[in-house]
Amino acid sequence: MTRKLRGFIDPDVDRRLLASEGEFIIDEVIKHWVTLVPPMCALALSLGCYIAMVNAGAAWWLLMVLGLALDVWAVIRMFRIHMDRFVITNMRVFRVHGAINQHLATMPMTRILDISVEQPFLGRILGYGHFVFESAAQDQGLRVIRYVGHPEQRDLTIQRVIQVAGLRTNLAHPR
């Protein structure tokens, strides 16, 4: 499959790397599985519509249209979830998302001032959270990343990259 066509079914984060500068992926984050629950429920509901068509009489077509609408919504939603990636590299963090129109938001490690991890009650149980990035910029394209699996580990990964790069001083070991 050609590279251009593959870009419509795969986010292809590798092509966004600055390989000539030595950039490499440390972690590529897909959305947590909990984001697939609504589309899967829609698919189950559409199956119920198709089964109910047998006893619907003259209104069978209404149930068929409803089932098809639910199927289309679910497939589009699952595809959008598949195309949404958050990437941590040795130089920056970035997010690629969008099915038809693709959006790329990047933040160099040097610009990250603070990372907040928000975990709602359900997120604490199921293992997901939301990242909120604070940077020196007033208007930023990469602020909130939702439904990140294992957010504490991913936060530590980002902190390690920042520390290894020497972007923050280690207060425990004064020089």
Side-chain angles (χ1 to χ4, degrees), residues 1-17 19 24-89 92-107 115-135 139-155 157-158:
M1 186 181 308
T2 67
R3 189 175 186 96
K4 288 214 184 266
L5 288 177
R6 193 176 69 197
F8 285 102
I9 59 172
D10 184 50
D12 194 17
V13 297
D14 291 333
R15 73 181 175 98
R16 289 164 168 61
L17 295 177
F24 57 89
I25 294 174
I26 293 172
D27 195 7
E28 183 177 343
V29 183
I30 59 173
K31 293 280 189 187
H32 191 267
W33 63 263
V34 78
T35 58
L36 292 172
V37 170
M40 295 305 282
C41 288
L43 289 175
L45 192 57
S46 75
L47 182 61
C49 288
Y50 298 137
I51 292 170
M53 283 171 48
V54 175
N55 297 325
W60 66 269
W61 64 272
L62 214 69
L63 289 169
M64 184 178 76
V65 169
L66 180 60
L68 288 173
L70 286 168
D71 288 341
V72 167
W73 179 84
V75 167
I76 290 172
R77 182 77 180 169
M78 286 189 292
F79 186 63
R80 288 181 66 201
I81 291 167
H82 166 73
M83 293 295 286
D84 194 342
R85 301 293 167 90
F86 173 61
V87 180
I88 303 166
T89 75
R92 61 188 170 140
V93 294
F94 65 90
R95 178 180 177 213
V96 178
H97 63 99
I100 305 297
N101 298 324
Q102 216 165 47
H103 181 75
L104 173 68
T106 300
M107 185 181 300
I115 303 171
S116 298
V117 178
E118 298 174 356
Q119 271 192 295
F121 178 70
L122 191 59
R124 291 182 70 191
I125 293 171
L126 299 176
Y128 70 86
H130 314 297
F131 279 166
V132 180
F133 289 96
E134 297 293 330
S135 78
D139 188 23
Q140 57 194 28
L142 186 67
R143 176 157 165 68
V144 179
I145 307 295
R146 299 195 178 280
Y147 298 102
V148 175
H150 309 291
E152 303 92 359
Q153 293 170 353
R154 301 237 158 81
D155 177 47
T157 299
I158 294 171

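Position 1 is the first residue of the sequence; numbering continues from there.
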Exercise. Who are the side chain to side chain contact (heavy atoms under 4.5 Å, CB included) partners of His32, not counting sequence neighbours?
Worked result: Val34, Leu126, Tyr128, Tyr147

Exercise. To the nearest 0.5 Å, how far apart are NE2 in His97 and CE in Met83?
Worked result: 11.0 Å

Exercise. How many angstroms lie between atom CG of Leu122 and atom CZ of Arg124, to the nearest 0.5 angstrom?
Worked result: 12.0 Å

Exercise. Quick one: are Val87 and Val96 in side-chain contact, heavy atoms under 4.5 Å?
Worked result: no

Exercise. Arg80 and Ala99: which non-hydrogen atoms are nearest, and at how many Å?
Worked result: CG-CB, 4.3 Å

Exercise. So do the side chains of Thr35 and Trp33 get within less than 4.5 Å of each other, counting heavy atoms only?
Worked result: no

Exercise. Hey, are the side chains of Pro38 and Arg77 touching, using non-hydrogen atoms and a 4.5 Å cut-off?
Worked result: no

Problem set entry | Between CG on residue Asp71 and CD1 on residue Ile76, distance to nearest 0.5 Å | 11.0 Å

Problem set entry | Derivation of the side-chain contact (heavy atoms from CB on, under 4.5 Å) call for Ile51 and Leu47 | CA-CA 6 Å; Ile51 292 170; Leu47 182 61; 4.2 Å; yes

Exercise. Partners of Arg92 by salt bridge (Lys or Arg N to Asp or Glu O under 4.0 Å), sequence neighbours excluded?
Worked result: Glu23

Problem set entry | Partners meeting side chain to side chain contact (heavy atoms under 4.5 Å, CB included) with Leu66 (sequence neighbours left out) | Cys49, Leu70

Seminar exercise, completed: Those residues at least two apart in sequence (or on a different chain) that pass salt bridge (Lys or Arg N to Asp or Glu O under 4.0 Å) with Arg16 are none

For this session: Output yes when a side-chain donor or acceptor of Lys31 lies under 3.5 Å from a complementary backbone atom of Arg146, and no otherwise.
Result: yes

For this session: Evaluate the side-chain proximity of Tyr50 to Leu68: yes if any heavy-atom separation is below 4.5 Å, no if none is.
Result: yes

Problem set entry | Residue list, side chain to side chain contact (heavy atoms under 4.5 Å, CB included) with Asp155, at least two apart or on another chain | Ile115, Val117, Phe131, Gln159

Problem set entry | Partner set under side chain to side chain contact (heavy atoms under 4.5 Å, CB included) for Val132, not counting sequence neighbours | Ser116, Glu118, Glu134, Arg143, Val144

Seminar exercise, completed: Residues Ala74 and Ala42: closest non-hydrogen pair is CB-CB, 4.1 Å

Exercise. Backbone N or O of Asp84 within a donor-acceptor pair of the Arg95 side chain at under 3.5 Å?
Worked result: no

Exercise. At what distance, to the nearest 0.5 angstrom, does CE of Met78 lie from CD1 of Ile81?
Worked result: 8.0 Å

